[in-house]
Q: 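Below you will find the structure I want to go over with you.
Every number for a ligand or one of its atoms is a count from 1 in the order of the listing. Heads up: numbering here begins at 1 and tracks the sequence. Just so it is clear, the model here is predicted, and its values are computed rather than measured.
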Amino acid sequence: MNLILLSPDDIGADHYARITDTRRLKHLLEVHRASAGENFSVGIQGGNMGKAELVELSSEQAVFSLNSLEELPPPPLPVHLVLALPRPRMLARTLEHVTTLGVKEITLLHTKRVEKSYWQSPELRPEKIYQHLILGLEQAKDTLLPTVHLRKGFRPFIEEQLPALLAKGRGLLAHPGMPHACPRGISDKTLLLVGPEGGFIDWEVEQLLTAGCEGMHLGPRILRVETAVTALLSRLF
Ligand code: SAM
């Protein structure tokens, strides 16, 4: 927790923020070994960041005095990540990593090799997704929550959503064996598509390329989804 991320519910009209949940309190007490009088990096969800003084700390609550928070959150990456839904544990880690790296638009997509049961996972409940996004923001020192869309049909996605998404920017399909290498250091608005653990099937690759995506590879090594996403984002941006 490099940033104490405050939700509007934490902040009173008196310009004091009160934290009462066990996770953040425990972190302040046990990891930061905080005491009243110290200054901490805080940020308001969707807003600015800065230093705030901890004026009270007990096992029940931490109270911060909020003066002017003038720092802006770091710039987002110009990318919309379309990720074939990975297994629940991988999803949790991937959501955290990509949020830390600055992705603000995420679509979780069904493809042929996504296990249907993954869509029933508790990890997809809004409160669980929110938890992972918050952890990613706290890690990065960022306040802007990503938006997560769930798309449970590949064909409807291709027909109904993909054209509009591609009209906004360049579509890059990460798929081993494609003739071109992943570009480096771009600043274009990008739609980045990453496949499931078993990869995209040939028909899906064909549909995505026909729709206007550019296929690209990351070399001969086949990376796990969470590694591939991190490597792709680092190399692209
Ligand atoms: N056997 C699968 C295949 O060949 O497509 C492997 C899938 S990989 C575990 C999961 C996803 O990560 C892939 O669908 C792709 O989007 C991305 N990925 C992993 N390694 C890659 C590489 N070397 N080049 C491009 N994409 C890669």
Q: Before you tell me yes or no, could you show the steps for K104 and D142 under salt bridge (Lys or Arg N to Asp or Glu O under 4.0 Å), namely the whole-Å CA-CA distance, both residues' side-chain angles and the distance that decides it to 0.1 Å?
A: CA-CA 11 Å; K104 298 298 172 196; D142 188 356; 2.5 Å; yes

Q: Who gets closest to atom 5 (O) of ligand 1 by heavy atom: G199, G215, G177?
A: G199

Q: Should you measure from each heavy atom of V194, which atoms of ligand 1 turn up under 4.0 Å away?
A: 12 (O), 16 (O)

Q: Looking only at distances, can you tell me whether any N or O atom of L193, backbone or side chain, sits closer than 3.5 Å to an N or O atom of ligand 1?
A: no

Q: What residue and heavy atom of the protein are closest to atom 10 (C) of ligand 1, and at what distance?
A: P196 O, 3.1 Å

Q: Identify the closest protein heavy atom to atom 16 (O) of ligand 1: which residue and atom is it, and at what distance?
A: A174 O, 2.6 Å

Q: Measure the distance from atom 7 (C) of ligand 1 to every protein heavy atom, then report the residue, atom name and distance (to 0.1 Å) of the closest one.
A: E197 O, 3.4 Å

Q: Measuring centre to centre across the rings, with the benzene-like ring taken for any Trp, is H217 within less than 6.0 Å of H180?
A: no

Q: For atom 21 (C) of ligand 1, what is the closest protein heavy atom, and at what distance to 0.1 Å?
A: P176 CG, 3.9 Å

Q: Can you list the atoms of ligand 1 that are under 4.0 Å from a heavy atom of R221?
A: 20 (N), 22 (C), 23 (N)

Q: Please report whether ligand 1 has a polar contact with P220, defined as an N or O pair separated by less than 3.5 Å (distance criterion only).
A: no

Q: Is there a side-chain contact between E197 and M90 (heavy atoms, below 4.5 Å)?
A: yes

Q: Tell me the protein heavy atom at minimum distance from atom 1 (N) of ligand 1, and give that distance in Å.
A: G198 O, 4.0 Å

Q: Write out the residue and atom name of the closest protein heavy atom to atom 24 (N) of ligand 1, then the distance separating them to 0.1 Å.
A: L218 N, 2.9 Å

Q: Please list the nearest protein heavy atom to atom 19 (C) of ligand 1 with its residue and the distance rounded to 0.1 Å.
A: L223 O, 3.2 Å

Q: Taking the inter-plane angle between the rings of H80 and H149 on a 0 to 90° scale, is it parallel (under 30°), tilted (30 to 60°) or perpendicular (over 60°)?
A: parallel

Q: Please check: side-chain N/O of T111 versus main-chain N/O of A84, any donor-acceptor pairing under 3.5 Å?
A: no

Q: Return the residue, atom name and 0.1 Å-rounded distance of the protein heavy atom closest to atom 13 (C) of ligand 1.
A: G195 N, 4.0 Å

Q: Side chain to side chain contact (heavy atoms under 4.5 Å, CB included) with V79: which of L232, V103, L191?
A: V103

Q: Roughly how far, to the nearest 0.5 Å, is the CZ atom of R235 from the CG atom of L218?
A: 6.5 Å

Q: Checking side-chain hydrogen bond (donor to acceptor under 3.5 Å, both in side chains) between E123 and each of H132, R89, Q131, which is the one that passes?
A: H132

Q: In terms of relative ring orientation, are H32 and H27 parallel, tilted or perpendicular, with 30° and 60° separating the classes?
A: perpendicular

Q: What part of A228, side chain from CB on, backbone N/CA/C/O, both or neither, has a heavy atom under 4.0 Å from ligand 1?
A: side chain

Q: If you measure every N/O of I222 against every N/O of ligand 1, is any gap under 3.5 Å?
A: no

Q: Minimum heavy-atom separation for F237 and L77, please, with both atom names.
A: CB-CD2, 3.9 Å

